[in-house]
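For reference, the structure discussed in these notes is given below.
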Amino acid sequence: DVVWVHDYHLSLLPRMMSEEETKIGSRLTKKIFYLHIPFPVSMIFKEIEFGSTVLEGILHSDIVGFHSFTDARHFLSSAKRILGLSHDSLEGGLLGVNYKGRTVVVTMSSVSVEPEVVDAVMSFPTVISGAAELKSKHNGRAIIAGVDVAQYLSGISLKLATYERLLQDSPSWRDKVVLVQRCLIPGARRLDEARTIREIRGIVNQIKSKFGDAVIDYEEVYGSSMPIDQRVALWRAADCLFSADVRGGLAMMPLEFVFAQKGKDSPGIVIASEFSGTFSILNGALRISPFDMKNTLATVDRALTMSKQEREGRHLRDIDFVSSSGSDKWIQNVLRDLFDQTKSLDEEETDSGDIRSSLEGKTVGAFLAAEQEDQFTRLRSKSVISAYKSTSKRVIVLDFNGTIVMKQAVDSYLKRDNAGSTMDAPPADVINSLRILCSDPKNTVFVVSGDNKENVEQAIGHIPGLGLAASNGSCFSPPMQEGAAYRTWLALDLGVDWASVEGLALRIMAKFTARTNGSFIKRAHSSIGWSYYSCDPEFGSLQAKYLVIELERELAAFDVRFVNLKGIVEVIPRKLNKGIIVKKILRDVAARNNNAGVDFILCMGDDISDEKMFTSVFSFVSEMNEDYTNVVPSPPVIQLSQGTLLASQPFLLEKPVVRCNNQNEQIYAFAVSVGKKESHASQYVDDATDVADLLVKLSSGKTASFRRGTEDEMQLMQFS
C-alpha cells in the first residue's frame, strides 16, 4: 500500500507510522510526503523548537516532494545543518538523503490546473458577460489584475505602493490603466489579516484621493477563494496579472490566468515575484522583486507596452505545460519515482532462494555483492549473550565516538553542547556496564578512539580494568589495576620522523586556522589534526579539501597519509590504523596462560576508520595456529610513561607464537557496524543506543534507561 501525506500539518505522521510498523515487525506501506508551501531556509528552520523532530518525521517517508528546487534545496540544507545528513544525486535526476542506512528520495514535481475544468468554465455565459462588463466598466483602460490572500506574505501593500508610484511618476498612465485588486479574507490568521487589511485600505484610499476612483477597482472577498467563474472572467478581461508575493508556494491562479488567455488576440502577461513558487514554473512570466520598486516599476511598464508578438511568444512558452500537467499526470509522475526508487528495497526483502535465482547469468562480482548484502544482517543480541555466557576467554573492542557515545553529525551546524565529541563521557548506563564487564577476569575490554590520550583518559580512564587506545591506536594503555594512581601508556613505533612532519604540518594548519572561524589544531601522539567540527559545515568542508591538497604537496617525502573524518583532517603515519592495535590486543590476550587463545570477540565501530578493526578480527581468527614466520608481526612497542604492567599482560614484547591450545574450541567473532552501510563487518546495529543496550544486557540483562528519550520527545511534540 502507498500512503500519501500532504503538507506540514502531518509532518510527524511518516515517523509515527514507521514506529508502528517496527512494533509489528513488517514494513506495510510506502510513504510519500509532499509539501505544498515554501520550505524555510535553514537559519529560520533552526529557530523552531522541535525542528529536528519535524525533519526526522518527514525523513521516515520514502519520497519527499516539493514543487520547486528552491524548497528542496532549503530542505536538504536543513537536513545537513541540523541533522548532519548528506545527499547524493540519483539516476534519473532525483536527489537522495542518506538517513539511517536508507536513501530517502527528494523529488521536484509541479502540478497545473485541471484544463478540462477551466476550459469548460470559459464557455459559461457568466464568464463571457463578466469579462465584457469589466472592460466596459473601465472604459478601455488596460487592466492589471490581482487576486491575493490578505496576509503580509502576499505582498499586497508592496504592490499597491508600486502602483501608486507608477501613477505618480508617469502621469500618462492615469487615464490608461486600472488595477483590479481582489483581497481574499479566509479568516485563518485573523490578526495578520486584520493588520494587513487595515494597511491596504489606507493605501487604496490614498491612491483614490490623489488620482481618482477610476484608477483602482478594489474589493474584499470573505473566504479562501473567489468563485471560479468570477476569476476566469477577470483573467479574460485582464492585460496582465500582477503578483508581489514576499514568500509563496505554488499558486494556481497565475497558471489559471495563462490557460485563460487561450484564444485571445493579445494574450496577457504574468508579472511574478521571484519569491513565489510560480516563477520557477512559468518561463514566460516577467520576474520582479517586490522590494525593488524601481525595477518593478520598469517591469510593469514593460508589461503594459509589450508588443503583441512578444506577448504571444511568452504565452507559447507556458501554455503546453499548463494545459498538460493536471493532477492526474502529477500523481503518476510521483508514483513512478516512488516505485522506481523503492524497487531495490523490495528485492532485499525476498528470500535467499529468490535472490539466487535472480542472479542467474550475472557476473561473479554481482553474485558476491548480493551474497554479502544477504549475509549482512541485524545483530541479534540473544546470539551475542548466548556466546558470551558459553565462553571464558573474551575480548571486547569498542570504538568511542558514535559507538559508546552518541555522535552528532559533523555536517550539522547545530552541535548541541559539542554532543558526540570525544571529550564527552558515555551515558551512565554504559559506564556502569563497562565497569561490570571489566571486573570479570574472563574479559579484556578495550576502547579505541581517534582522539588524543588526554581526552580519552579524562572521559573513561577512571574505569578499573578498562584498556584504552588513543590516536587511532598509535598509543595505548593496558587495563589499569584497581586502586592504581595513574595509567601506563605505551606506543607503537611506526618508523616516521614525526618531529619533522609535525613542524611542516603545523605551519600549514595555522594558516587555515587563521582563515576559518571555529577551527583549531589538535595534537596527539603520531597524529596532528585540523578540526573544523565547530565551523560552518559547508565552508569547513571546503577548507578541509584545500588543506589536504597543500599537506599532500608539502609532506610528499614522508610516509604519511591524510584522513578526513568526523570534522577533522588528520596527518598520521601511513601504516597506522585501528586494525594494528586490535590485532596486537588479540595476539597478546591469546598468548596468556600458556597460549590459551581467545574464544569470544566482540568488535563494534561506526565509521570508515573502524573498518580495519573488523578486518583485523577476521585476519586474527584465520591466522590462529599459523606459524609466526607466516604472519606480519605487530610494530615494536615503546613505553611513554612510567608504570608497572601486569605479568599477565606482556604488551612490551609480542610473543613469537600464534599457536593456541584451543584448536578444538568454538570461536565466536562478532564484527558489528553501528549503522547499516557498506562495511567489512558481518552484522550491524542501528545506532549507539543499540550498543548501549547490548552492553547493559551483557553485564546485567537489562535495557539501557536512556533509550526511551526518543519516544518521550515524540510524546512532548505531539501534546505541546
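Side-chain atoms are counted along with the backbone in the values below, which use heavy atoms only and exclude waters and symmetry mates.
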(request) Return the minimal non-hydrogen interatomic distance between D559 and K575, and the atom names on each side. (result) OD2-CE, 4.2 Å

(message) Are the side chains of D62 and R102 in contact, using a 4.5 Å heavy-atom criterion?
(response) yes

(message) Would you say that R73 contacts T70 through its side chain, given a criterion of any heavy-atom pair below 4.5 Å between the two side chains?
(response) yes

(request) For N333 and S109, test the side chains for any donor-to-acceptor distance below 3.5 angstrom and give the result as yes or no. (result) no

(message) Nearest 0.5 Å, please: how far is CG in L255 from OG1 in T278?
(response) 6.0 Å

(message) Can you tell me if L10 has over 12 outside heavy atoms packed within less than 6.0 Å of its CG?
(response) yes

(request) Check for a donor-acceptor pair, side chain of K676 on one end and backbone N or O of S673 on the other, with a separation under 3.5 Å. (result) no

(request) Give, for atom CG of L695 and atom CG of L602, the distance between the pair rounded to the nearest 0.5 Å. (result) 7.5 Å

(request) State, to 0.1 Å, how close N452 and A524 come at their nearest heavy-atom pair, and which atoms those are. (result) CB-CB, 3.5 Å

(message) Working to the nearest 0.5 angstrom, can you tell me the gap between S526 OG and N472 CG?
(response) 10.5 Å

(message) Taking K23 first and then E19, would you say they form a salt bridge - that is, a charged N and a carboxylate O separated by under 4.0 Å?
(response) no

(request) Measure centre to centre between the rings of F512 and Y532, then say whether the value is under 6.0 Å. (result) no

(message) Distance check, rounded to the nearest 0.5 Å: F75 atom CZ versus L95 atom CG?
(response) 11.0 Å

(request) Could you tell me which non-hydrogen atom of S324 sits nearest to which non-hydrogen atom of D320, and how far apart they are? (result) OG-O, 2.5 Å

(request) Report yes if the side chains of S52 and L83 come closer than 4.5 Å at any heavy-atom pair, otherwise no. (result) yes

(request) Drop me the distance from F400's CZ to D606's CG, to the nearest 0.5 angstrom. (result) 11.5 Å

(request) Would you indicate whether the side-chain heavy atoms of V548 and E552 approach each other to under 4.5 Å? (result) yes

(message) If I take atom CE from residue M108 and atom CD1 from residue I281, how far apart are they, to the nearest 0.5 angstrom?
(response) 12.0 Å

(message) What I'd like to find out is whether the side chain of I508 reaches to under 4.5 Å of the side chain of L547, using heavy atoms alone.
(response) yes

(request) Find out whether V569 and V563 are in side-chain contact, i.e. whether some heavy atom of one side chain is under 4.5 Å from a heavy atom of the other. (result) no

(message) Within the 4.5 Å heavy-atom criterion, are L694 and V672 side-chain neighbours or not?
(response) no

(message) Show the nearest heavy-atom pair for residues N564 and A544, with the distance to one decimal.
(response) ND2-CB, 3.8 Å

(request) Would you confirm whether H74, through its side chain, and F39, through its main-chain N or O, come within 3.5 Å as a donor-acceptor pair? (result) yes

(request) Check whether any side-chain N or O of D71 sits under 3.5 Å from a backbone N or O of P38 as a donor-acceptor pair, and report yes or no. (result) no

(request) Search all heavy atoms of R561 against all heavy atoms of R574 and return the closest pair with its distance. (result) NE-O, 3.2 Å

(message) How about CG on N517, more than 12 heavy atoms from neighbouring residues, nucleotides or ligands closer than 6.0 Å, or not?
(response) no

(request) Test ring-ring contact (aromatic ring centres under 6.0 Å, His included) on F33 and H60 and set out the steps. (result) CA-CA 9 Å; F33 179 85; H60 276 77; over 10 Å; no

(request) Would you mind checking if D610 and K578 are paired as a salt bridge, meaning a charged N to carboxylate O distance below 4.0 Å? (result) yes

(request) Look at the rings of H36 and H6 and say which category their plane angle falls in: under 30° parallel, 30 to 60° tilted, over 60° perpendicular. (result) parallel

(message) For R287, I'd like to know if atom CZ has over 12 heavy atoms of other residues, nucleotides or ligands within 6.0 Å.
(response) no

(request) Could you pull out the closest heavy-atom pair between D245 and F275, with the gap in Å? (result) O-CB, 3.7 Å

(request) Verify side-chain contact (heavy atoms from CB on, under 4.5 Å) between V106 and F66, making sure each step is shown before the conclusion. (result) CA-CA 8 Å; V106 177; F66 302 92; 4.0 Å; yes

(request) Please check if the side chain of E21 supplies one atom and the backbone of L28 the other of a donor-acceptor pair under 3.5 Å. (result) yes

(message) Is it the case that the side chain of S619 and the backbone of T615 share a donor-acceptor pair, with hydrogens and angles ignored and the cut-off at 3.5 Å?
(response) no

(message) If we ignore hydrogens and angles and just use 3.5 Å, is the side chain of N577 paired with the main-chain N or O of G579 as donor and acceptor?
(response) yes

(message) Please determine whether a side-chain nitrogen of the Lys or Arg among R378 and D686 lies less than 4.0 Å from a carboxylate oxygen of the Asp or Glu.
(response) yes

